[in-house]
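The block underneath contains the structure these notes are about, expressed in structure tokens.
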Amino acid sequence: MKKLVNDPKNVVDEAVAGFAAAHGDIVRVSSDPTFIVRADAPVTGKVGLVSGGGSGHEPMHGGFVGVGMLDAAVPGAVFTSPTPDPILAATQAVNGGAGVLHIVKNYTGDVLNFETAADLALADGIEVRTVIVNDDVAVKDSLYTAGRRGVAGTVLVEKIAGAAAERGDDLAAVAAVAEKVIGQVRTMGVALTPCVVPHAGEPSFTLAEDEIEIGIGIHGEPGRERIKLEPADAIVDRLLGPILEDIPFVSGDSVLLLVNGMGGTPQIELYIVFRRAAEVLAAKGITVTRTLVGNFTTSLEMQGMSITVLKLDDELTALWDAPVQTAALRWGR
Amino acid sequence: MKKLVNDPKNVVDEAVAGFAAAHGDIVRVSSDPTFIVRADAPVTGKVGLVSGGGSGHEPMHGGFVGVGMLDAAVPGAVFTSPTPDPILAATQAVNGGAGVLHIVKNYTGDVLNFETAADLALADGIEVRTVIVNDDVAVKDSLYTAGRRGVAGTVLVEKIAGAAAERGDDLAAVAAVAEKVIGQVRTMGVALTPCVVPHAGEPSFTLAEDEIEIGIGIHGEPGRERIKLEPADAIVDRLLGPILEDIPFVSGDSVLLLVNGMGGTPQIELYIVFRRAAEVLAAKGITVTRTLVGNFTTSLEMQGMSITVLKLDDELTALWDAPVQTAALRWGR
Amino acid sequence: MNLSVTWAEAWIRQCVDVIADHRVELITLDRDIGDGDHGENMDRGFQAVLGKLDTLPAESVPGDVLKLVATTLISTVGGAAGPLYGTAFLKAAVAVAGKPDLDGAAVVALLTAARDGIVLRGKAESGDKTMVDAWTPAVDAAAAAERAGATPVAILVEAADAAEAGAVATEPLVARKGRASYLGERAIGHRDPGAQSSALLLRAAAETAERVADE
Amino acid sequence: MNLSVTWAEAWIRQCVDVIADHRVELITLDRDIGDGDHGENMDRGFQAVLGKLDTLPAESVPGDVLKLVATTLISTVGGAAGPLYGTAFLKAAVAVAGKPDLDGAAVVALLTAARDGIVLRGKAESGDKTMVDAWTPAVDAAAAAERAGATPVAILVEAADAAEAGAVATEPLVARKGRASYLGERAIGHRDPGAQSSALLLRAAAETAERVADE
Ligand SMILES: Nc1ncnc2c1ncn2[C@@H]1O[C@H](COP(=O)(O)OP(=O)(O)O)[C@@H](O)[C@H]1O
Ligand SMILES: Nc1ncnc2c1ncn2[C@@H]1O[C@H](COP(=O)(O)OP(=O)(O)O)[C@@H](O)[C@H]1O
Ligand SMILES: [Mg+2]
Ligand SMILES: [Mg+2]
Ligand SMILES: [Mg+2]
Ligand SMILES: [Mg+2]
């Protein structure tokens, strides 16, 4: 294992300290318990947005804290959902009196820990609503599994719900916008290489030199199938198929297309992927009106990517375009 | 070699096409010869800024084309400087009548190809000035080498000179600001793993499982020394030492601190590095007033990073803060 | 002989050691069919428990020990295992609350409450390839032994044996809960890490009960 | 026998083949002490040349062939090698401009102009571990042979031999120009890729001259 770390046990604390040092204009950081809030939290009268989960997916979620997006992010240990204490503390720290929305990716650990924190916050008199993001179409039969996983689509939920909160929507309305995005966003990913959790010191799985994993999760959970490496275009087609069938997306739709790097993928490859994905969508009469390309929901140093498609309407488009000022996403201010 | 590519020969063309598809609001793309210009080029009366070089360093330079930064980027083949034709064409495309600045990283190939293009542009009646970026302190004795290399400091030159051009400075003034940045910026990098050029198909060099290369160049050129892997803090200290000695940076200085990922480094590690670098600077009485953390000047999927320190004054700070709207750097609009 | 707070504390101290000793094994199991953190999560949690055990008041009863474990695991483990084990110990604590020492029925109540807590939170059924597949056989074996008049020590030994067999029996299963469920058929042949850690904790319970009974 | 446009064209066609055949070798040499693209760059350039050779007017002279090669390499190779070889062929073309066929003195003038072009652009000196270390011995050997009255074919054979020896002689050197200069002592033991490609091009010149002379 080759990593730029000191003691593996301190990875998250040191990174959060570095994050605070780098982005003091946008965020403040609490240690013990560890969480990140926007510099002006709590914003009186505004719904607070809290997300979180295991670390190792940066910039998600800390990179999305700031005006127009999240009010707080709660990083757990690497690939391990945070405990209720910091979630509760973050919820308290961002409560501006209009209630707090928890945006939770659908993993047993995240769901249970956020659930406990929400119960405790409620007992504290804070109104909490929870939305569960589960955009990963790689999980086929969600009846016989822990259900679809929350992956890169989470970024779009956080941005759009964040804009709704910023314009003054109440908790029910912000939750409704978040649910709307969750209902219209689908993702599927591929891994070319595994990643190494610092405290584990060894790859989370192994792939032969000519193998890739289609439908990978963001913690290295396996996907639908392991196949031989193919040209980029063929891989894109494999991912887009299940995504487009699922909702389904149809001719005439306007969509946001996100090509997300898993952490170790050169950007040049992400654009090769984007090119094909845009081409396929165009051929189906689907118009890409908004785009995002880069590392947003990563798996440490994993090579690979995911493709996310979100069906847009005027409301979602306007909320997407609204100003945002975070470490990782910024426009309009 | 595992990459998301189709035919390795088409990597750059396909990526540029994808870039155009993803960022049509910011850039236009010309193919044959291949270059990227901002959507509103040429801007009448504004000095045009052109940079370029081998591909594989994305987002540099295409990701920095847009309002407030570059007017054009010319991508060569992977790790191969572009030929004069597209440089000339880009120069013509961005000439708004106020002349064009070529921002060139100090590699023999880049220097020679830009030189030819500048000669041809001059013959065409376009006034061209050239600045050569050479911020890499890893190259010790530049008398006996091809000279210091241009690495991540280039991003800062492009941003600040771009802001100067945007505010209406004339060609001599924009060139002077660029030279000022070049005079005050220093960088050094480290590689944990090599990278694989698509058409070569094999790693550009090899490092044992416990080895790192201190002073790596952005094409996998070797650095000062190959040492055993150390804790992140120790590596940071090794890079910062030569950087701070060089100008030198002294107590009381205000600086911009850039921690740049080489392409395959998890962001969590970049922030661990940032934390230590900020700590070391603080201990020396040097104040970090501006920051940048992320993948800006990469070497494909290489794991590693570089640290860049730029001495700031009020003028450079104001130019850094000025609005910028590119695919990879954006604020203020 | 009934089990006192001496046993409860000895049990938890042994859990600390056992989990530390099996940290890598649990990481490896979780790497095979999960995300490779189970051993690290559990070790982090029990190390935190170790740091808190000395804060227990002198007059504590077994339920107090279990409650301390519960709150500490909830606030330090994270992931799926944190809330699940946290709830297990919390419900177990409630089941034996106030009792200075535990007879056979109380031991069965403790184990049953723990298992029910896991099921309540995680909604897994038997055969879903989770820690429930260690706990439910353990509870069943304990109840049967108690009905047959076994001592608390013997009940815990039966429970530990059954939990170990239950953990082994997860190997041929396809998972329907937790991360391993994404693997489909590919989970077959791998032991569930949570079932394995459960078996370790229950074996520690039995061993410390035997030791305490011998003293 | 003087060398006509038939030779010039045959030379360049053979360069296309030789570079394609040695693409991987040149990439490997450049990976060792550079950035691993030299073979790819040269192959891209000469493939482009191949595509243009048929556009040469029937009445072309050797200088026209060289000029076509120069402009094509400049606009397709990139990197350091593109401008350097481009300038070499351009200066060579100028040196023999208009001449329908080349005697020994013209061949020496061609080679000298090429070498001078490389030095003009790249500012490398002998011993800097660059392509100059193939060209300068080649020019010197050619000049000596010409002074001794050798035929154009023999002059080119001498030049090719010297270029090959020069390329081999770069191995023990520390580089002072190009990317290999960053390696310091670590460049020792590796042959310079540009010197090697230069030797290949000059060997192609000699072999095609021999072949054309035989026909
Ligand atoms: N719904 C559930 N019900 C019961 N046990 C579960 C459930 N989901 C997961 N588990 C248990 O949790 C274990 C994994 O714990 P751990 O690796 O610490 O958490 P995570 O899966 O969040 O990384 C699994 O091996 C399984 O025994
Ligand atoms: N200043 C120079 N003068 C002469 N030859 C040079 C100089 N710099 C580089 N070269 C030659 O160019 C070769 C490298 O070419 P190539 O790999 O195509 O370009 P790049 O170095 O830009 O990747 C070197 O092996 C060397 O022979
Ligand atoms: Mg986990
Ligand atoms: Mg090159
Ligand atoms: Mg796990
Ligand atoms: Mg090269």
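The figures that follow rest on heavy atoms only: side chains count, while hydrogens, waters and symmetry mates do not. Every chain is numbered from 1, with letters handed out A, B, ... down the list of sequences.
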Smallest separation among heavy atoms of [X] and [Y], with atom names:
| X | Y | result |
| --- | --- | --- |
| B:Asp210 | A:Lys2 | N-CE, 4.0 Å |
| A:Tyr271 | B:Ala22 | CE2-CB, 3.9 Å |
| B:Glu301 | A:Pro266 | N-CG, 3.6 Å |
| A:Glu209 | B:Met1 | OE2-N, 3.1 Å |

Listed once per pair and sorted, the salt bridge (charged side-chain N to carboxylate O under 4.0 Å, His left out) pairs that draw on residues 288-297 of chain A, sequence neighbours left out: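 Only A:Arg290-A:Asp321 qualify under salt bridge (charged side-chain N to carboxylate O under 4.0 Å, His left out).
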
Quick one: what part of [X] sits under 4.5 Å from any heavy atom of chain A, side chain, backbone, both or neither?
| X | value |
| --- | --- |
| B:Val11 | both |
| B:Leu329 | neither |
| B:Arg333 | backbone |

Straight-line distance of [X] [atom1] to [Y] [atom2], nearest 0.5 Å:
| X | Y | atom1 | atom2 | answer |
| --- | --- | --- | --- | --- |
| B:Leu300 | A:Gln267 | CG | CD | 11.5 Å |
| A:Arg330 | B:Gln325 | CZ | CD | 12.5 Å |
| A:Leu192 | B:Lys3 | CG | NZ | 9.5 Å |
| B:Asn295 | A:Thr265 | CG | OG1 | 10.5 Å |

Region of A:Leu207 that comes under 4.5 Å of a non-hydrogen atom in chain B: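 Contact with chain B: backbone and side chain both.
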
Part of A:Pro75 lying under 4.5 Å from any heavy atom of chain B: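 Interface part for A:Pro75: neither.
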
A:Ile268 side chain reached by B:Ser55 side chain, heavy atoms, under 4.5 Å: yes

When B:Met262, B:Glu211, B:His57 are compared by non-hydrogen pairs under 4.5 Å with chain A, the top option: B:Glu211

Top of B:Pro231, B:Ala17, B:Ala234 for chain A proximity - count of heavy-atom pairs under 4.5 angstrom: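 Max contact count across the listed options: B:Pro231.
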
Residue list, side-chain contact (heavy atoms from CB on, under 4.5 Å) with B:Glu225, at least two apart or on another chain: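 So B:Glu225 forms a side-chain contact (heavy atoms from CB on, under 4.5 Å) with B:Ile214, B:Ile227, B:Arg238.
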
Short side-chain to backbone donor-acceptor contact, A:Asn6 and B:Asp233, under 3.5 Å: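 Here the side-chain-to-backbone pair exists.
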
side-chain contact (heavy atoms from CB on, under 4.5 Å), paired with A:Ile272, selected from B:Val5, B:Leu4, B:Asn10: B:Val5

